There are 2 protein chains.
Amino acid sequence: MQVTTKTVIPHSSEECRHSIRAVHDAMYVLGGKWKISIVACLLFGAKRYSDILREVEGISGKMLSRELKEMEVNFLVKRTVGKSQPVMVSYELTEYGESVKPVIATLANWGQIHRQCVAKR
Amino acid sequence: MQVTTKTVIPHSSEECRHSIRAVHDAMYVLGGKWKISIVACLLFGAKRYSDILREVEGISGKMLSRELKEMEVNFLVKRTVGKSQPVMVSYELTEYGESVKPVIATLANWGQIHRQCVAKR
DNA sequence: TTTTGTGGTTACCTGCATGTTACTATTACT
DNA sequence: AGTAATAGTAACATGCAGGTAACCACAAAA
């Protein structure tokens with residue numbers, strides 16, 4: 001007796017694909033090793049290049065400027081150049097960038113739970 | 001007049017770092033190009049290898065089996081081998097895996113909003 | 001006029017994450 | 001006996017993400 005191909009999937013694979021696509025879209029903009037961390041960092045207020053460099057541990061200057069540029073293009077952050085002194089550039093989230101907050105929050109929350117789970121082996 | 005180094009950061013950088021760390025932990029387990037999509041896919045029920053291959057568009061067989069293996073190790077999915085016919089292996093989320101649901105949901109939700117934003121230029 | 005600090009950019013290099021292709025074992029159907 | 005499907009694995013190839021280090025421009029301070 002041959003089992004048909006479809007035994008195990010009685011789900012709405014439409015819904016499934018739709019959901020996957022949405023996730024994929026999100027990851028396209030927020031993907032990469034650093035963007036989410038940068039947003040998380042900027043959620044606490046506007047910061048200067050060197051501040052972010054310090055607070056997002058491990059990121060290199062090159063990657064920071066690259067990611068920030070991308071995020072500016074995607075309207076997630078706003079770049080403001082102060083009128084000289086030793087230059088001073090500050091970055092802050094746009095309103096749109098702020099809309100990522102729930103994502104970060106949920107992720108951070110799960111991250112904490114995960115860390116606890118791993119801790120008890 | 002020289003501006004001091006700390007003008008732009010009056011925030012709790014403790015909170016900030018903590019949040020970034022949590023996000024980082026989460027991304028460590030859910031990172032990579034495919035894991036989140038796979039979880040999203042399995043949220044709609046247990047599926048067989050070839051079903052996931054079909055529904056997560058773009059993934060290669062190699063990557064699928066590799067990611068599934070990692071996720072099994074991390075207790076996110078459970079692998080069940082059916083008693084033969086043409087073999088039949090099904091994958092489903094563990095309870096722990098289900099706990100990722102809010103993350104996916106928030107991400108998918110933001111993904112949709114983002115798509116709309118991009119659509120109107 | 002030389003040095004210092006900020007905010008970068010550029011060239012160069014490397015490795016890992018991923019893709020591609022071929023191959024396997026098992027069973028069932030024809 | 002030969003073919004097809006399922007669930008992989010192994011060998012090989014490759015591109016791009018990311019790191020490192022050097023350099024630039026500008027202003028202020030020494």
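Lettering follows sequence order; numbering is per chain, from 1. Small disclaimer: the values here were computed from a predicted structure and weren't measured.
- As rounded to whole Å, 17 Å separates atom P of C:dA17 from atom CG of B:Leu64.
- Listed candidates were C:dG7, D:dG18, D:dA7. Nearest to the side chain of A:Arg66 is D:dG18.
- With distances taken from any side-chain atom of B:Ser50 to the nucleotides C:dG7, D:dT6, C:dG19, the minimum falls on D:dT6.
- Checking D:dA7, C:dG8, D:dG18 against every side-chain atom of B:Val89, the shortest atom distance belongs to D:dA7.
- Regarding B:Met88, its CE atom lies at a distance of 11 Å from the C1' atom of D:dA7, rounded to whole Å.
- The environment of B:His24 atom NE2 is sparse: at most 12 non-hydrogen atoms of other residues, nucleotides or ligands sit within 6.0 angstrom.
- For A:Ser65, no side-chain nitrogen or oxygen approaches OP1 or OP2 of C:dG7 to under 4.0 Å.
- Within residues 19-30 of chain B, no residue has a heavy atom under 4.0 Å from DNA chain C.
- At whole-Å resolution of the value, CE in A:Met63 and C1' in D:dA21 are 16 Å apart.
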Using a 3.5 Å cut-off and no angle test, enumerate the donor-acceptor pairs between side-chain atoms of residues 101-111 of chain B and protein atoms at least two apart in sequence or in another chain.
unit_1   : atom_1 : unit_2   : atom_2 : d
B:Thr106 : OG1    : A:Thr106 : OG1    : 3.2
B:Thr106 : OG1    : B:Pro102 : O      : 2.5
B:Trp110 : NE1    : A:Ser99  : OG     : 2.9

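- One interatomic measurement links the two molecules: CH2 of B:Trp34 to C1' of C:dG19, which rounds to 10 Å at whole-angstrom precision.
- We find the SG-CZ distance between A:Cys117 and B:Phe75 to be 10.5 Å, quoted to the nearest 0.5 Å.
- The side chain of B:Arg79 lies closest to D:dG8, out of C:dG19, C:dG8, D:dG8.
- The side chain of B:Lys62 lies closest to C:dT18, out of C:dT6, D:dA7, C:dT18.
- When rounded to the nearest whole Å, the span between CZ of A:Arg54 and C1' of C:dT6 equals 11 Å.
- One finds a side-chain N or O of B:Lys69 lying less than 4.0 angstrom from the OP1 or OP2 phosphate oxygen of D:dT9.
- Partners of B:Glu57 according to the side-chain contact (heavy atoms from CB on, under 4.5 Å) rule, which considers only residues two or more places apart in sequence or in another chain, are A:Arg17.
- Contact between the side-chain N/O atoms of B:Ser60 and the OP1/OP2 oxygens of C:dT20 is not found at any separation under 4.0 Å.
- Considering only side-chain N and O atoms, A:Tyr49 lies nowhere under 4.0 angstrom from the phosphate OP1 or OP2 of C:dT9.
- Atom pair A:Ile59:CD1 and D:dT20:P shows a separation of 12 Å (rounding to whole Å applied).
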